[in-house]
Enquirer: 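Just dropping this structure here.
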Amino acid sequence: MSAITQRPVLLRMAEVFGPTFQGEGPSVGRLAAFIRLSNCNLACTWCDTPHTWDWRRFDRAVEQYGAAPGDVLGWAARQPARLFVITGGEPLVQARRLPELVDGLLALGGEVEIETNGTIAPPEPLLSDRVVFNVSPKLSGSGMPRTRRIRPDVLREFAASGRARFKFVAGTLEELDEIAVLVDESGLAPVWVMPEGTTSRAVLERMRELADAVLARGWNLTTRMHVLLWEDERGR
Ligand SMILES: Nc1nc2[nH]cc(C(=O)O)c2c(=O)[nH]1
Ligand code: SF4
Ligand SMILES: [Mg+2]
């Protein structure tokens with residue numbers, strides 16, 4: 001029999017960093033380690049991680065590298081945190097490559113949060129205990145056409161999975177109306193609103209503008225704690 005050498009499927013990576021705190025959403029403030037995957041299926045005007053996908057502004061050969069899941073797991077094992085956040089870019093672009101990574105993180109005794117834009121359905125093997133999805137559907141201000149940024153079938157699937165929390169980035173009070181339409185349309189819950197901003201000043205100002213209106217709608221509010229602490233420094 002001929003020997004077939006199986007090469008590991010490489011993850012397309014942007015960076016790993018930690019320890020830091022989960023800066024956004026329901027787990028804000030928790031000690032965490034981050035695995036940022038490269039590539040995205042959208043191109044939002046206000047994206048704060050264009051180095052993961054905008055190859056007109058960034059050099060792919062510099063910003064992207066391939067890593068075997070085992071190498072990422074070796075790094076993760078040495079991290080003090082047991083909350084692992086997989087983000088991007090859009091991590092579910094590489095959905096088929098993720099179960100090996102996620103299984104390894106769980107085997108380290110970890111919990112996993114996957115930050116996603118909600119346009120790609122979660123593959124079945126990822127719907128397990130100790131894995132949750134922070135689903136961030138994009139609003140019209142992202143500059144993306146609605147048909148690309150909103151996939152009602154996918155959003156409903158996330159909502160039905162019981163493993164998703166919906167985190168909307170908002171810059172204005174008007175955007176809360178837009179969020180309410182999406183929430184009602186697809187039965188999204190629980191809802192978190194997060195201020196847009198890559199400076200501590202912008203984040204705090206927007207939170208103050210949004211807070212009472214978010215309360216009035218019965219939603220949750222999250223800050224961007226890493227921005228309050230470290231502005232837009234990469235790898236925090
Ligand atoms: N500290 C920290 N928390 C985060 N939560 C979500 C992040 C992201 O970029 O998706 C992020 C990030 O970049 N840094
Ligand atoms: S979905 Fe997220 S990573 Fe992709 S372009 Fe929009 S903000 Fe950036
Ligand atoms: Mg970020």
Side-chain angles (χ1 to χ4, degrees), residues 20-32 34 42 44 46-49 81-88 90-92 111-119 122 126-127 129-142 149-152 154-230 232 236:
T20 183
F21 304 109
Q22 167 57 296
E24 307 176 359
S27 309
V28 83
R30 284 190 58 188
L31 182 69
F34 280 74
L42 299 181
C44 306
W46 47 256
C47 180
D48 66 350
T49 52
R82 280 298 169 267
L83 174 61
F84 298 108
V85 184
I86 300 176
T87 185
E90 173 46 58
L92 293 182
E111 290 170 68
V112 176
E113 296 192 358
I114 300 179
E115 306 276 343
T116 176
N117 61 28
T119 60
L126 292 185
L127 295 176
D129 272 2
R130 291 190 287 141
V131 179
V132 295
F133 295 84
N134 298 326
V135 182
S136 239
K138 301 304 175 238
L139 305 180
S140 53
S142 65
R149 63 186 165 78
I150 301 299
R151 294 280 312 275
V154 173
L155 292 178
R156 277 194 287 271
E157 201 172 319
F158 272 114
S161 76
R163 314 220 55 79
R165 329 51 111 78
F166 296 88
K167 182 181 75 183
F168 292 91
V169 177
T172 64
L173 286 170
E174 292 72 55
E175 285 183 323
L176 300 184
D177 295 329
E178 198 179 332
I179 294 167
V181 170
L182 294 172
V183 165
D184 292 344
E185 224 173 50
S186 299
L188 309 181
V191 174
W192 293 74
V193 172
M194 181 171 86
E196 186 198 328
T198 52
T199 65
S200 54
R201 188 186 159 134
V203 166
L204 189 55
E205 274 178 10
R206 291 221 165 98
M207 273 191 90
R208 286 174 173 164
E209 281 163 22
L210 296 168
D212 283 319
V214 170
L215 277 178
R217 290 180 191 264
W219 294 337
N220 306 287
L221 183 67
T222 172
T223 190
R224 305 191 72 208
M225 200 175 81
H226 53 305
V227 177
L228 295 182
L229 293 170
W230 301 302
D232 64 350
R236 301 305 291 264

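This is a predicted model, so every value here is computed, not measured.
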Enquirer: Taking C-beta and beyond as the side chain, do Gln22 and Asn134 meet within less than 4.5 Å on heavy atoms?
Expert: yes
Enquirer: Quick check: closest heavy atoms across Val28 and Gly23, and the distance to 0.1 Å?
Expert: CG2-O, 3.1 Å
Enquirer: Does the pair Val214 and Leu176 meet the rule for a side chain to side chain contact (heavy atoms under 4.5 Å, CB included), with working shown?
Expert: CA-CA 8 Å; Val214 170; Leu176 300 184; 4.2 Å; yes
Enquirer: Could you tell me which non-hydrogen atom of Pro190 sits nearest to which non-hydrogen atom of Ala164, and how far apart they are?
Expert: CD-O, 3.6 Å
Enquirer: Salt-bridge test for Arg30 and Glu111: reply yes if a basic N is under 4.0 Å from a carboxylate O, no otherwise.
Expert: yes
Enquirer: Of all heavy-atom pairs between Thr87 and Phe34, which one has the smallest distance, and what is that distance?
Expert: CG2-CD2, 4.1 Å
Enquirer: Got a donor-acceptor contact below 3.5 angstrom from the Ser136 side chain to the Lys167 backbone?
Expert: yes
Enquirer: May I ask you to decide if Leu127's main-chain N or O and Arg163's side chain share a donor-acceptor pair within less than 3.5 Å?
Expert: no
Enquirer: Among all residues two or more places apart in sequence or in another chain, which pass the ring-ring contact (aromatic ring centres under 6.0 Å, His included) test with Phe168?
Expert: none
Enquirer: To the closest 0.5 Å, what do you measure between OG1 (Thr172) and CG (Leu139)?
Expert: 8.5 Å
Enquirer: Could you tell me the separation between the CG atom of Leu83 and the CD atom of Glu113, rounded to the nearest 0.5 Å?
Expert: 5.0 Å
Enquirer: Given side chains that start at C-beta, do those of Glu90 and Thr116 come closer than 4.5 Å, heavy atoms only?
Expert: yes
Enquirer: How far apart are the closest heavy atoms of Gly118 and Val135, and which atoms are they?
Expert: CA-CG1, 3.6 Å
Enquirer: Using a strict 4.0 Å threshold on nitrogen-to-oxygen distance, state whether Glu157 and Arg151 make a salt bridge.
Expert: no
Enquirer: Taking atom CG of Leu221 and atom CE of Met194, what is their separation to the nearest 0.5 Å?
Expert: 10.5 Å
Enquirer: Is there side-chain contact between Leu182 and Glu185, with heavy atoms separated by less than 4.5 Å?
Expert: yes
Enquirer: Please determine if Arg217 and Asp177 form a salt bridge, counting it only when a charged side-chain N lies under 4.0 Å from a carboxylate O.
Expert: yes
Enquirer: Between Ser27 and Arg165, is there a side-chain heavy-atom distance shorter than 4.5 Å?
Expert: yes
Enquirer: Once rounded to the nearest 0.5 Å, what's the spacing between atom CG of Asn117 and atom CZ of Arg149?
Expert: 11.5 Å
Enquirer: Measure from the side-chain N and O atoms of Arg224 to the backbone N and O of Gly197, and report whether any donor-acceptor pair falls under 3.5 Å.
Expert: yes
Enquirer: Taking Asn220 for the side chain and Val191 for the main chain, is one N or O donor matched with an acceptor at less than 3.5 Å?
Expert: yes
Enquirer: Would you name the heavy atoms of Thr222 and Gly25 that are closest together and state the gap between them?
Expert: OG1-N, 2.8 Å
Enquirer: Hey, what do you get for CG (Leu92) to CZ (Phe133), rounding to the nearest 0.5 Å?
Expert: 6.0 Å
Enquirer: If you define the side chain from C-beta out and look only at heavy atoms, does anything of Ile179 sit under 4.5 Å from Phe166?
Expert: no
Enquirer: Just verifying a value: how many Å separate Glu196 CD and Asp48 CG, rounded to the nearest 0.5 Å?
Expert: 9.0 Å
Enquirer: Is there a side chain to side chain contact (heavy atoms under 4.5 Å, CB included) between Leu229 and Arg236? Walk through the geometry before answering.
Expert: CA-CA 9 Å; Leu229 293 170; Arg236 301 305 291 264; over 6 Å; no
Enquirer: Minimum heavy-atom separation for Leu210 and Ala170, please, with both atom names.
Expert: CD1-O, 3.7 Å
